[in-house]
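Accompanying notes for the structure given below.
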Amino acid sequence: MSMTDPISDMLTRIRNAQMVAKKSVIFPASKIKKGLCSVLQKEGYIRSFEMIEANNSETGHPQIKVNLKYFQGKPVIEYIKRSSKPGLRLYKGKSDLPKVDAGFGIAIISTSKGLLTDYEARQSGVGGEVICIVK
């Protein structure tokens with residue numbers, strides 16, 4: 001079975017794992033998912049992530065293991081949602097980038113300089129595809 005939106009699948013796996021208070025979640029790896037995980041870790045939404053090589057995983061494909069973060073028993077990620085979808089891409093210019101909860105959340109933007117938060121993209125003066133919103 002082919003997956004039409006692997007990024008949405010990744011975000012859903014994180015959301016579902018946090019709803020049942022799992023310590024970690026595993027999903028298939030890709031460059032963009034690795035970039036998303038590094039932004040989430042840098043911003044403090046997840047504890048850490050690690051790449052599981054193809055020869056060590058059950059499926060034979062590389063995977064990513066994300067260690068989820070909780071504060072006082074509640075997930076740090078309250079809300080995570082895909083913005084741009086394969087059927088409807090969402091591009092914003094540098095002046096139109098979304099501000100999430102007046103700066104208390106982030107939007108992850110795919111730019112020509114790589115994956116950046118909305119704040120970093122504004123500072124760099126670039127726009128791009130709005131991948132997801134995290135609060």
Side-chain angles (χ1 to χ4, degrees):
M1 181 177 152
S2 68
M3 198 178 318
T4 57
D5 191 3
I7 295 171
S8 186
D9 176 66
M10 173 190 132
L11 300 178
T12 300
R13 286 182 192 214
I14 290 172
R15 200 171 29 249
N16 289 345
Q18 285 192 324
M19 287 189 342
V20 293
K22 292 260 188 182
K23 291 186 185 225
S24 63
V25 63
I26 296 175
F27 45 82
S30 70
K31 287 181 185 177
I32 189 140
K33 290 179 189 176
K34 184 178 177 185
L36 285 168
C37 288
S38 66
V39 170
L40 289 172
Q41 182 180 9
K42 183 181 70 173
E43 293 296 318
Y45 287 104
I46 61 173
R47 282 197 193 286
S48 62
F49 72 96
E50 62 180 295
M51 297 293 293
I52 300 172
E53 295 303 320
N55 52 5
N56 295 338
S57 69
E58 298 97 32
T59 63
H61 300 287
Q63 295 181 321
I64 297 175
K65 179 180 180 182
V66 173
N67 296 311
L68 302 171
K69 191 173 183 180
Y70 297 89
F71 180 72
Q72 295 179 348
K74 291 186 177 182
V76 172
I77 299 174
E78 294 176 1
Y79 177 88
I80 187 166
K81 187 166 187 222
R82 181 89 154 107
S83 294
S84 184
K85 298 177 169 103
L88 182 62
R89 299 290 184 187
L90 180 63
Y91 296 97
K92 297 287 183 178
K94 63 181 177 182
S95 59
D96 298 329
L97 291 173
K99 261 197 166 175
V100 182
D101 278 357
F104 287 105
I106 61 167
I108 300 177
I109 316 292
S110 176
T111 69
S112 57
K113 296 183 179 183
L115 288 175
L116 302 173
T117 64
D118 55 324
Y119 176 76
E120 293 169 335
R122 263 188 231 93
Q123 295 294 100
S124 300
V126 293
E129 182 181 357
V130 181
I131 302 292
C132 65
I133 304 288
V134 185
K135 300 182 202 178

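Atoms considered below: every heavy atom in the structure, side chains included; atoms not considered: hydrogens, waters and symmetry mates.
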Which atom pair, heavy atoms only, marks the closest approach of [X] to [Y]?
X: G105; Y: D118; value: O-OD1, 4.5 Å
X: I109; Y: G127; value: CG2-C, 4.4 Å
X: L115; Y: G35; value: CD1-C, 3.4 Å
X: S124; Y: L116; value: OG-CD1, 4.3 Å
X: I52; Y: I26; value: CD1-CD1, 4.2 Å
X: I64; Y: A29; value: CG1-CB, 3.6 Å

Under 3.5 Å donor-acceptor, [X] side chain and [Y] backbone:
X: Q18; Y: R15; answer: no
X: Y70; Y: K22; answer: yes
X: K23; Y: L68; answer: no
X: T111; Y: K113; answer: yes
X: S84; Y: L90; answer: yes

Atom [atom1] of [X] and atom [atom2] of [Y]: how far apart are they, to the nearest 0.5 Å?
X: K135; Y: D101; atom1: NZ; atom2: CG; result: 4.0 Å
X: I133; Y: Y79; atom1: CD1; atom2: OH; result: 7.0 Å
X: K81; Y: T12; atom1: NZ; atom2: OG1; result: 11.0 Å
X: Q41; Y: R47; atom1: CD; atom2: CZ; result: 11.0 Å
X: M51; Y: Q63; atom1: CE; atom2: CD; result: 9.5 Å
X: L40; Y: I106; atom1: CG; atom2: CD1; result: 6.0 Å

Can you establish whether the number of heavy atoms outside K42 located under 6.0 Å from its atom NZ is more than 12? yes
Would you find more than 12 non-hydrogen atoms of other residues, nucleotides or ligands less than 6.0 Å from E50 atom CD? yes
What do the steps show when you test L36 against M10 for side-chain contact (heavy atoms from CB on, under 4.5 Å), and what is the final call? CA-CA 10 Å; L36 285 168; M10 173 190 132; 3.8 Å; yes
Any side-chain heavy-atom pair from [X] and [Y] closer than 4.5 angstrom?
X: F27; Y: K33; result: yes
X: C37; Y: Y45; result: no
X: R13; Y: P28; result: yes
X: V100; Y: V134; result: no
X: K94; Y: R122; result: no
X: C132; Y: I7; result: no
X: K65; Y: V25; result: no
X: S24; Y: V66; result: no

Kindly indicate, with the supporting measurements, whether the criterion side-chain contact (heavy atoms from CB on, under 4.5 Å) is fulfilled by I77 and I14. CA-CA 9 Å; I77 299 174; I14 290 172; 4.2 Å; yes
Are F71 and I46 grouped together when hydrophobic residues (ILVMFWY) are joined by side-chain heavy atoms under 4.5 angstrom apart? yes
I80 reachable from V76 in the ILVMFWY side-chain graph, under 4.5 Å edges: yes
Decide salt bridge (charged side-chain N to carboxylate O under 4.0 Å, His left out) for K85 and D5; before the verdict, give the C-alpha distance in whole Å, the side-chain angles of both, and the deciding distance to 0.1 Å. CA-CA 7 Å; K85 298 177 169 103; D5 191 3; over 6 Å; no
